[in-house]
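As structure tokens, the structure follows; a few thoughts come after it.
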Amino acid sequence: MVLNELGSSLTKALANIGKESVIDGQVLDAFLKEICTALLQADVNVKQVMGLRNGVKNRVNLEQLAAGLNKQRIIEKAVFDELCAILDSSPAEPGKLEIKKGKPNVVMFVGLQGSGKTTTCSKYAYYYKKKGYKPALVCADTFRAGAFDQLKQNASKTQIPFYGSYKETDPAIISLEGVEMFKKDGRDVIIVDTSGRHRQEAALFEEMRQVASAIKPDLVVFVMDGSIGQAAFEQAKAFKDSVEVGGVILTKMDGHAKGGGALSAVAATKSPIIFLGTGEFMDQLESFETKRFVQRLLGKGDVNGLMGKIQDAIPEDKQPELLDTINKGNMSMRVLRDMFDSVLELGPMSQMMSMLPGFNSDIMPQGNDKASQQQLRRFITIIESMNDKELDTTQVKMLQEPSRVARLAKGSGRSAVEVLNLIEAYKHYTKYATQALKAAHLPKNLKNMKGDVPMNPRHMQESIKKMGQALPPQILKQLGGPSGLENLMKSMESGGKMPGGYGRQGWWGQKKVAQSMSEGCLWPAVLHVR
């Protein structure tokens, strides 16, 4: 997750105030000092930080609070609202940012050189490709040497059509030709990458106006380097005053302390932030929504975002069938391969973990993401060298036969030790996933299950106890033990909302808890054999 240090500091401050038996003015001041220090270290403007402090103190008048009210939750809600106020950059007309299916949407990317604009164009296209759109890329950057080659390479990786020219030097002509070609081809998201400059000079803005006049974009996206901190205010304001910027994407938000300053600075200009770049890979682009982002900063997770990722990776109609298979203990290597594919589709696991209430990405440091994904791909290679009998069996002993292990190692180009590691991971995952799903008391007929079913409180407690026994120790410890697991299940059922919110109850929430737990169990099983 972006702003890991800030998120950890805020979560720690909330945890500390929760340990206090009596919350008085002194405790509140100490809490606010922790919060303000964390925000200042993230390069948030000092005036905004003081505004947050005063806002929380005005909202939380401890002397006037009625007896019996939960002071911790009231303080938590006040901090949540004030952080949302700092980061809120909602557009006056939200409809302008919508990408509509069935019609060509022309999106023009602008920004300074070195902000990661060309890579972000490819990420943006890949994001919408996964959503079922038909994107295309047009390189109108004729200023930077290698820009077209870079875009061509990224587009080839993600199998997205592209257009550009090594000979034509007029970006307006290239843009128009590319847009017209892809409109005829039936593409519904046409992304135009324009030239950047070293500084905000008149030529850059004039070129942008010429390209915009030629292609008449439906949306102009300004890409900005998030590592510049508070200086983002002047950049965002200058572009907003010169061109009709529809949305802002902040890049390089994964590894820099000044990301909070950039977020708050752009929000102060009321330029809508639509995405955050959180890494160098194509799937590391997160949609930005203020309330969900602040929930994750405060350790409350982003359940809606997590469910969206799961549904993107596993279509809704296939989820009951998959859960039913695991619940009955019919896990095979074929099913495991599908699960590996789904987890790779979900993106970095540290990002997914940070979306669970009570979790943070420290459970799986970001440096381990790449190695773990490579391990999964190696496992997939071994599974794809199996025959039908091996793919469909649930007998571990058969898979462990020395002759089979040797043949699979030779057929996949991996070592015999890696084949045995896969079998060991299969045993662990089968055990944990099946136990977690059974502990959730899912209905027997998942395929015909529709709507919400009220949860029996007694069954709820039994589910928590059994799921606590089924989960790997490191997962349960990260959750905060059985009580943390109970809070997680309640939060998942209520849609991960802040205290006082209401959400969907019953079997749906229970199913999602079980599914997230079964997905989460996969990684410790893989890491166990590394």
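The first residue in the sequence is number 1, and the count goes up from there.
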Shortest non-hydrogen contact between Leu40 and Val46, atoms and distance: CD2-CA, 4.0 Å
Taking the six-membered ring for Trp, are Phe275 and Tyr127 closer than 6.0 Å centroid to centroid? yes
Step-by-step side chain to side chain contact (heavy atoms under 4.5 Å, CB included) determination, Val106 to Phe182: CA-CA 10 Å; Val106 180; Phe182 287 126; over 6 Å; no
Closest non-hydrogen atom pair between Ser175 and Val211, with its separation: OG-CG1, 3.5 Å
Can you measure from CD1 (Ile228) to CD (Glu234) and round to the nearest 0.5 angstrom? 10.0 Å
Between Arg378 and Ser412: side-chain donor-acceptor atoms closer than 3.5 Å: no
Answer yes or no: is there a donor N or O on one side and an acceptor on the other, between the side chain of Gln284 and the main chain of Glu280, under 3.5 Å? yes
Closest non-hydrogen atom pair between Gln48 and Val44, with its separation: OE1-CG1, 3.8 Å
Within this structure, what is the CG-CZ distance for the pair Leu87 and Phe293, rounded to the nearest 0.5 Å? 6.5 Å
Using side-chain hydrogen bond (donor to acceptor under 3.5 Å, both in side chains), reason through Gln153 and Ser122 one step at a time and then give a plain yes or no. CA-CA 10 Å; Gln153 185 179 29; Ser122 305; over 6 Å; no
CG/Leu137 to CZ/Phe148 distance, rounded to the nearest 0.5 angstrom? 10.5 Å
Looking at Asp43 and Gln230, would you say the former's side chain and the latter's main chain have a donor-acceptor pair under 3.5 Å? yes
Any donor-acceptor N or O pair under 3.5 Å, side chains Gln113, Ser195: no
Side chains of Phe162 and Leu151 in contact at under 4.5 Å (non-hydrogen atoms): yes
Under 4.5 Å between any side-chain heavy atoms of Asp170 and Thr142, yes or no? no
Does the side chain of Tyr163 reach to within under 4.5 Å of the side chain of Cys139, using non-hydrogen atoms? no
Phe109 vs Tyr124, test: ring-ring contact (aromatic ring centres under 6.0 Å, His included). Steps then yes/no. CA-CA 10 Å; Phe109 274 62; Tyr124 187 84; 5.2 Å; yes
Would one find more than 12 heavy atoms of other residues, nucleotides or ligands at under 6.0 Å from atom NZ of Lys291? no
Close side-chain approach of Val56 to Ile35, heavy-atom, < 4.5 Å: no
Measure the shortest side-chain to side-chain distance between Met50 and Lys47 over non-hydrogen atoms and say whether it is less than 4.5 angstrom. no
Please tell me if the side chains of Asn105 and Leu219 come closer than 4.5 Å, counting only heavy atoms from C-beta onward. no
Return the minimal non-hydrogen interatomic distance between Ala140 and Ile174, and the atom names on each side. CA-CG2, 4.4 Å
So, the side chain of Thr118 versus the backbone of Ala147: is there a donor-acceptor pair under 3.5 Å, distance only? no
Set of side chain to side chain contact (heavy atoms under 4.5 Å, CB included) partners for Ser213, sequence neighbours left out: none
Determine whether Phe288 and Leu263 satisfy the following criterion, side chain to side chain contact (heavy atoms under 4.5 Å, CB included), listing intermediate values before the conclusion. CA-CA 10 Å; Phe288 181 83; Leu263 274 171; 3.9 Å; yes
Check the pair Glu34, Thr37 against side chain to side chain contact (heavy atoms under 4.5 Å, CB included), reporting the backbone distance first and the verdict last. CA-CA 5 Å; Glu34 277 189 81; Thr37 301; 5.9 Å; no
Tell me, do Asp225 and Leu112 make a side-chain contact under 4.5 Å, heavy atoms counted? no
Evaluate Ile249 against Ile274 for side chain to side chain contact (heavy atoms under 4.5 Å, CB included), listing each step before the verdict. CA-CA 6 Å; Ile249 296 179; Ile274 54 176; 3.9 Å; yes
Nearest heavy-atom approach of Tyr126 to Ile160 is N-CD1, 3.7 Å
Residues two or more places apart in sequence or in another chain: which of them pass salt bridge (charged side-chain N to carboxylate O under 4.0 Å, His left out) with Asp185? Arg187
Tyr133 to Ile99 - nearest heavy-atom pair and separation: OH-O, 2.7 Å
Do side-chain atoms of Ser115 reach the backbone of Gly111 as a donor and acceptor pair under 3.5 angstrom? no
For residues 101-124, which residue pairs qualify under salt bridge (charged side-chain N to carboxylate O under 4.0 Å, His left out), counting only residues two or more places apart or in two chains? Lys117-Asp193
Output the distance between atom OG (Ser9) and atom CG (Leu14), rounded to the nearest 0.5 Å. 11.0 Å
Matching residue for Met108 among Ile190, Val138, Asp218, Thr194 - test: side-chain contact (heavy atoms from CB on, under 4.5 Å): Thr194
Are the charged groups of Lys77 and Asp81 less than 4.0 angstrom apart, N to O? yes
Flag the pair Glu82 and Arg59 as a salt bridge only when some basic side-chain nitrogen lies within less than 4.0 angstrom of an acidic carboxylate oxygen. yes
Value rounded to 0.5 Å, distance of NZ in Lys252 from OG1 in Thr120: 9.0 Å
The reported gap from CG in Leu10 to CD in Glu76 (rounded to nearest 0.5 angstrom) is 11.5 Å
Measure the shortest side-chain to side-chain distance between Lys134 and Val189 over non-hydrogen atoms and say whether it is less than 4.5 angstrom. no
